[in-house]
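Below is one structure, written out as structure tokens, with a few remarks after it.
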Protein chains: 2
Amino acid sequence: MDALLNLIRFTTLPARVKFCPLYESAPNPQKTMTLTLEDIARIAGCSRSTVSRVINGDVNVSVSTRQRVKKVITELNFQPNLAARGLASGQTHILGLIIPLGVVSLFTDPFYPQLIQSISSACSQRDYSIMLWLATPEFERRMIHQILFNGLIDGVIVASMSLNDSIIQSLAESKLPFVAVGRNPNDETTCYVDVDNYNGARMAIEYLYKMGRRRIATIAGPSDVIVGVDRLRGYKAALAELGLPYDPSLVVTSDFSDESGYAAMQKLIEYKPDAVFANSDVMAVAAIRALHDAGFSVPEDVAIVGFDDITLAARSTPPLTTIRQPIDLIGAGVVNMLIDLIEHPATAQRSLVLPTELIIRSSCGEDLLKNSE
Amino acid sequence: MDALLNLIRFTTLPARVKFCPLYESAPNPQKTMTLTLEDIARIAGCSRSTVSRVINGDVNVSVSTRQRVKKVITELNFQPNLAARGLASGQTHILGLIIPLGVVSLFTDPFYPQLIQSISSACSQRDYSIMLWLATPEFERRMIHQILFNGLIDGVIVASMSLNDSIIQSLAESKLPFVAVGRNPNDETTCYVDVDNYNGARMAIEYLYKMGRRRIATIAGPSDVIVGVDRLRGYKAALAELGLPYDPSLVVTSDFSDESGYAAMQKLIEYKPDAVFANSDVMAVAAIRALHDAGFSVPEDVAIVGFDDITLAARSTPPLTTIRQPIDLIGAGVVNMLIDLIEHPATAQRSLVLPTELIIRSSCGEDLLKNSE
DNA sequence: CATCCAATTGGGAGCGCTCTCATACTTAGT
DNA sequence: ACTAAGTATGAGAGCGCTCCCAATTGGATG
């Protein structure tokens, strides 16, 4: 029976329409379930327009009326219908979050989950909701269309790793406000929030140098991913500054996964580095495993620095020295930038680069400056 | 106070509207971008109604008209406005996914990210979109209201671990279709998709018995979380079947985190178990670490079985024997059940329990039946 | 040739909201 | 007292869609 009620309410709404003209004066059971502005207006003794003004914070409402209306709204727990609002005003207070599941297997690395969480939390604070699309290649084009043109979304956040992503292109053509997580050097017009990968990498190499290492290798990211490119630039710049030679055999590219980190380290071993800067903590931990399996010890034989500072880093053996990304700030930054872009396009900030931080633990040897748990 | 926050939420939407009246007759940039049914109808030489029929797959359209209209829609890349659709039909094709970030720190365990991914993928296949709410306690009540009463969502998926979740309660009162991930023994009416945790646990214990272990301990989940309860029941049942005594000192509860797994194992060591069944792979790996740190070896001294079969399991040292949860099937199951519930409430299935599978690796000693990489 | 019954199609009302405009009611300035 | 400029409110016209109902068509039938 209950299920039947559900049916009536959610499948065939028009049913209600039939009754309207006939039973207009009779108590309509449908209306008891879903309140409308008109209901509130009737109860508060004013018009729909006035209720709308109160809800939207219009100043031109007398104090007494405002209080009366607010009281009714609170008592009846009224929520304005978002679809109607979106239709009438063109704004839905919904942001799209697109995460292309392309190159990297996203969910083996805790970075993305944490990013999602921080974005979600920032949205809540600004009273927006988020729609999530994990864009698998096969559905990508179709999905993008739906998102861009269905008018349900005020703006989009794209957490794309790869450069020249087709999603970014479509977005750019669409006039829908959007912000990317990670800068795109080929495209100066898109708004972005990024982390200072270049200086993060430099910091890592300088620290390894300070700890006495001279043959510093790196497990780099893919070359079509901007974070990989920037971190490699930082690596090379630091070597140059420190007067160390750049040796291509000490650079192995990878795809951020545990497996590729392990394989990369195996390849590096024959070139006998005394330190390795890995592009992610997941790979750093895999590299430590590879070294152990090959009979080397960390940090005695090889020092390791990771990137990200995921929770795993503090718990590895030995605890991992790493470059921390401020994931919470990325989430907050990207959400705030997008909302500003939607609400005040003229004055909104269009890019933001967040600082990275060196977290010293034990994977590069003991250091009195150690600043972590 | 909470209600006040609600009000604040809807404060300053306006903006765009100010421009409207002035440019009404001038070419309106908004309108050029957004096609409507009427536009398509004009171009295809028919009426709005007919276009609507074509879009919604109504059979009462002649073949020639249908083709003509479809052609125009494709050429102009027309997407019907979802807000208008939602308003007129009462259906938005949007599902809510609520993940309460309560008890457990969700994103240190890859289970939830994988679940999100599988749900997202199942939604795409059924042409639904998802809105994601990570429900932090402080925003929870307010959020729930918005979700339930804003009319933007056709149904809700709740991935709640804890029993007696207030979100489930609100949902139950709301008449909005919803499905829970994980059964709730206190509430027979809610629809759910669950995994056979009871028999999964039994399988684990029986396997340990078969491998010659007799003092089998368990790192259990929290007692207010159904998976913990079910797996503990399975553990006890298996002991009874196998004629092993139940020893409460061999049961330590935990919260699924790495830290609590490590601590639990430390506590268990003094009772000298020769096997441990951990309630999650994350904890199983932590337990192995705790054993190593205490000078024991796995599987020689203590055999370990985990639960989940996350990717980490195959890569641990030694590779972890574990009980696999079919996460993809959970996602697909929960999405399909919810959509069925929305579209055909009378005939929809209301519960689904998926089988678990024993994945034999090396953490319980060598076994000829080993069936994994 | 009139009649009937589909099969198609168009028109209209309405979903619940926002926002302009017109109206009534103030308050102040001269 | 009479206008000028607010302030507070209500009425109305949509937003772009769905769905009902009525109208039109083209056979098939009597």
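Letters A, B, ... mirror the listed sequences (proteins, then strands); counts begin at 1. Here the structure is a predicted model, which is why all the values come from computation and not from measurement.
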*With sequence neighbours left out, which residue pairs that include part of residues 73-93 of chain B fulfil the salt bridge (Lys or Arg N to Asp or Glu O under 4.0 Å) condition?*
Lys71(B)-Glu75(B)
*Taking CG from Leu37(A) and P from dG16(C), how many angstroms apart are they, rounded to a whole number?*
10 Å
*base_contact_polar (dG11(C) base, Ser47(B) side chain, donor-acceptor, <3.5 Å)*: no
*Apply side chain to side chain donor-acceptor pair (under 3.5 Å) to the pair Asn336(A) and Arg126(A), showing each step before the final yes or no.*
CA-CA 8 Å; Asn336(A) 288 327; Arg126(A) 287 272 233 143; 2.9 Å; yes
*Write down the distance between CZ (Arg48(A)) and P (dT18(C)), rounded to a whole number of angstrom.*
10 Å
*Nearest to the side chain of Thr50(B), which nucleotide is it out of dC17(D), dG12(D), dG10(C)?*
dG10(C)
*What's the CG-P distance between Leu152(A) and dC17(C), to the nearest Å?*
16 Å
*Report the nucleotide, chosen from dG11(C), dG16(D), dC17(C), that has the shortest atom-to-atom distance to any side-chain atom of Ala84(A).*
dC17(C)
*Round to a whole Å and report the spacing from CG of Asn150(B) to C1' of dG16(C).*
13 Å
*How would you list, by chain and number, every residue that makes a salt bridge (Lys or Arg N to Asp or Glu O under 4.0 Å) with Arg42(B), sequence neighbours excluded?*
Asp39(B)
*For Asp154(A), which residues count as a salt bridge (Lys or Arg N to Asp or Glu O under 4.0 Å) partner, sequence neighbours excluded?*
none
*Select one nucleotide: of dG10(C), dT18(D), dC17(C), the one nearest the side-chain heavy atoms of Arg85(B).*
dT18(D)
*Can you measure from CD1 (Ile330(A)) to CD1 (Ile157(A)) and round to the nearest 0.5 angstrom?*
12.0 Å
*Taking only residues two or more places apart in sequence, or in another chain, which ones meet Phe78(B) in a ring pair (Phe, Tyr, Trp, His ring centres under 6.0 Å)?*
none
*Sub-4.0 Å heavy-atom contacts from residues 52-72 of chain B onto DNA chain D, ordered by number*: Ser52(B), Arg53(B), Asn56(B)
*Sole candidate of Ile43(B), Ile40(B), Leu37(B) that passes side-chain contact (heavy atoms from CB on, under 4.5 Å) when paired with Ile73(B)*: Ile40(B)
*What nucleic acid atoms does Ser49(A) come within less than 4.0 Å of, heavy atoms only: base, sugar-phosphate, or nothing?*
base
*When the distance from CG of Leu87(A) to C1' of dC17(D) is rounded to whole Å, what number comes out?*
8 Å
*asked:* Tell me the bend of the helix from dC1(C)-dG30(D) to dT30(C)-dA1(D) as the angle between end helix axes, each from five pairs, rounded to the nearest 10 degrees.
replied: 60°
_From CD of Gln91(A) over to C1' of dG16(D), roughly how many Å is that when rounded to an integer?_
17 Å
*Find the distance Phe78(B):CZ to dG16(D):C1' and express it as a whole number of Å.*
8 Å
*Would you mind reading off the distance between Ile40(A) atom CD1 and dT9(D) atom P, rounded to a whole angstrom?*
17 Å
*asked:* Under a 3.5 Å threshold, yes or no: a donor from one side chain and an acceptor from the other, between Ser118(B) and Ser121(B)?
replied: no
*Any side-chain heavy atom of Leu338(A) sitting closer than 4.5 Å to one from Asp340(A)?*
no
